[in-house]
Amino acid sequence: MKRLPLKDAKCLLLIVFLLLTSLTFGVIDEETARLYFTQALKSTYEGDFAKAFELSQKALSGRVYVQELPYFWYLRSRLRMINNQVDKALEELKNFTMLVRSDDIDNLIAKVNYFRKLNLSPSSTFGMGYVNSLNGYVKGIEYFQTPTSLAVYGDKFALLDSKNRRIAFARQNRILSIKKVSKDLKQVFFDRSGQLYLLGEKALYNESEAEIISGLKVPYIAGQDREGYIYIIDFDRVVKYNPNVNKTVEFKLPKMTFALDAEMTVDRLYILDALSQEIDVYSLDRLQKINVVKVPEKIWNFEVTPYGDIIYLGKDKIVAGGMEFPMKDINFIEYSYPTLFLIKWKGNVVEQYWLKDDKPIFVNIDNLSFDDNSAYAYVRVEDLYGDELHYVGYALSMFEQDVYVPSDAYVEQKEVRSIQLNTCENELINYRLAGIKVFGKCSILSKFTGGLTTPDGLKGRLYWVTKWTYLKPVPPGIIKLSAKVTFKEQVYYDTMFYTNSLIKEIISTNPQK
């Protein structure tokens, strides 16, 4: 007997599957299945994942248009994962992809795999690419001359021109505003909620220049932890200030330290000591010294990735994880993973590059909104720890049915969905797909969902909102939507859907965005 080619055999199996499904559940036709699919989408975007899963089950219990079948399986399996049935979802997808290939399903499976394995070893490679430049002189007007500090929040950054006592706020290659200050400042810093802080030679101020902490000696702000504490390195101590509860605590350092630079990750503090020319590494939980990083050349400026890889400014080069990228005339660098800012006093310019390691980025479309003309996707872009990534709008793009659609990207703060756990429950992928931050006694889930040890400071989450003009009239059927963050060969994305009936329902219940 002559065998069928593999491709024809798969098609035959798919036809048999559809026929069996149709015979078993003949009462549900293709349009009714689409209706259940739309209702499942609506419940998903509302955060009712249990109801959404039930509806996705109903959507697949009858006849489905063949070209839309991967969408139905993808949504049901995604919701099954959120509802703590990861292994069963993977088994379903494995069986389905034996018949039909789907990049979106492969991408969903890949997310499960990297959250199950969590490779946090030092990065083996880095890539770098040019993004944009901001000039201090525009049409004969001087906006900044010799900037000495740069801070990033969302889609904008603040640039301190200390000599001229002013702060320039900018986005990509455009100055947004200028703020004059009366104090002599050495550093600007954004906290996790977007509040700007100003550090002087002896005191810390808020954006209105009201004094918060006085009596500092040689301070430098390293960052802010998940409990909300801002860390200030000050000669022989670490001063921790929590603006959420207006609380200050101090810890003694084991030695006198003149900090040239200081950085933080989710669980570590890094201090560049001017005297030893070494980077001292402390654990955040007890502020105990756990390591010393010896840099092969004299430096005065460094950065660190979320995974502890050191980036520093060397002589005519940027060194990232041991890899060298030639660069000249740079005075200092600032890094907001994965964006690197190069400040060049010569030419009064701030150059922006992406500098990316080999770790994955998590992208998730949490919600969609519509008005009569525009669509809005609320996209989470996070590192493996669940911390939101700032200033990646240049790498974020939207696709409808795999076709690029021009969109504007900006940021919004939305309420955080959180849960307190006394024991570890379910898988990490459940919480990450659902967008839930964990706090309480399960440290592993708290650490990798962007969570806290207490609910203090859980004010909001930073979302990238992409806005575009959707096609009208909306074609029938299911529209696939993808949000992609791209750095050359590295592409990280998420897929969700909408339908014409979903748009009508959203607009009717919420006519004004």
Side-chain angles (χ1 to χ4, degrees), residues 3-25 28 30 33-34 36-37 40-41 43-44 49-50 52-119 359-365 384 399 401-402 425-435 448 478 480-484 490-497:
R3 288 188 174 184
L4 286 171
L6 182 60
K7 182 178 180 181
D8 293 339
K10 287 183 176 180
C11 291
L12 181 60
L13 285 170
L14 180 58
I15 291 170
V16 171
F17 167 78
L18 293 174
L19 286 173
L20 289 174
T21 303
S22 175
L23 291 172
T24 308
F25 303 101
I28 296 181
E30 291 87 350
R34 278 181 176 173
Y36 281 128
F37 187 91
L41 288 177
S43 293
T44 300
F49 300 113
F53 177 59
E54 291 178 5
L55 291 165
S56 71
Q57 291 270 65
K58 289 183 179 180
L60 259 175
S61 66
R63 295 195 300 269
V64 177
Y65 291 111
V66 174
Q67 68 271 21
E68 294 178 351
L69 193 59
Y71 302 165
F72 281 69
W73 277 69
Y74 170 91
L75 182 63
R76 184 178 71 172
S77 298
R78 180 189 181 111
L79 290 167
R80 193 185 287 281
M81 290 176 183
I82 294 175
N83 284 280
N84 195 31
Q85 300 178 37
V86 182
D87 287 329
K88 188 170 183 179
L90 291 175
E91 183 181 354
E92 283 181 347
L93 294 178
K94 180 181 178 181
N95 293 335
F96 180 76
T97 52
M98 289 177 65
L99 304 174
V100 179
R101 184 180 179 276
S102 169
D103 290 340
D104 302 311
I105 289 176
D106 290 344
N107 182 53
L108 181 60
I109 294 172
K111 289 181 180 180
V112 176
N113 289 336
Y114 67 66
F115 281 123
R116 282 185 164 183
K117 295 176 183 177
L118 284 176
N119 177 16
K359 299 296 187 291
I361 284 175
F362 181 73
V363 180
N364 205 84
I365 301 172
L384 277 181
F399 292 78
Q401 304 290 62
D402 297 320
E425 300 173 5
N426 304 335
E427 278 197 53
L428 176 57
I429 187 67
N430 308 143
Y431 300 101
R432 293 301 295 269
L433 285 175
F448 289 97
I478 298 169
K480 185 176 83 168
L481 180 68
S482 298
K484 297 186 178 182
Q490 296 184 358
V491 181
Y492 311 98
Y493 72 98
D494 190 40
T495 300
M496 282 301 288
F497 312 93

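Because only heavy atoms are used, hydrogens play no part in the values below, and waters and symmetry mates are left out as well, while side chains stay in.
Judged purely by atom type and a 3.5 angstrom limit, T97 uses its side chain to pair as donor or acceptor with the backbone of K94. Side chain of N430 to main chain of E427: a donor-acceptor pair is present (N/O by atom type, distance under 3.5 Å, no hydrogens or angles). N426 places no side-chain N or O within donor-acceptor distance of the main-chain N or O of N84, the cut-off being under 3.5 Å. A donor-acceptor contact shorter than 3.5 Å links the side chain of Y74 to the backbone of T495.
Under the 6.0 Å distance and 45° angle rule, R432 does not count as a cation-pi partner of F115.
Annotation: ring-ring contact (aromatic ring centres under 6.0 Å, His included) contacts of F72 (sequence neighbours excluded): F37. Residues passing the ring-ring contact (aromatic ring centres under 6.0 Å, His included) test with F399, sequence neighbours excluded: Y404. For F49, the ring-ring contact (aromatic ring centres under 6.0 Å, His included) test picks out no residue, with sequence neighbours left out.
Ring pair Y71/F497 is tilted by interplanar angle, where 30° to 60° counts as tilted.
Nearest approach of M81 to L433, heavy atoms of both residues: CB-CD1, 4.0 Å. For the pair L384 and P360, the tightest heavy-atom approach, listed with the atom from each and the gap, is CD2-CG, 3.9 Å. Of all the heavy atoms in V64 and A59, the pair that sits closest is CG2-O, 3.8 Å.
A salt bridge does not link D104 with R78: every distance from a Lys NZ or Arg NE/NH1/NH2 to an Asp or Glu carboxylate oxygen is 4.0 Å or more.
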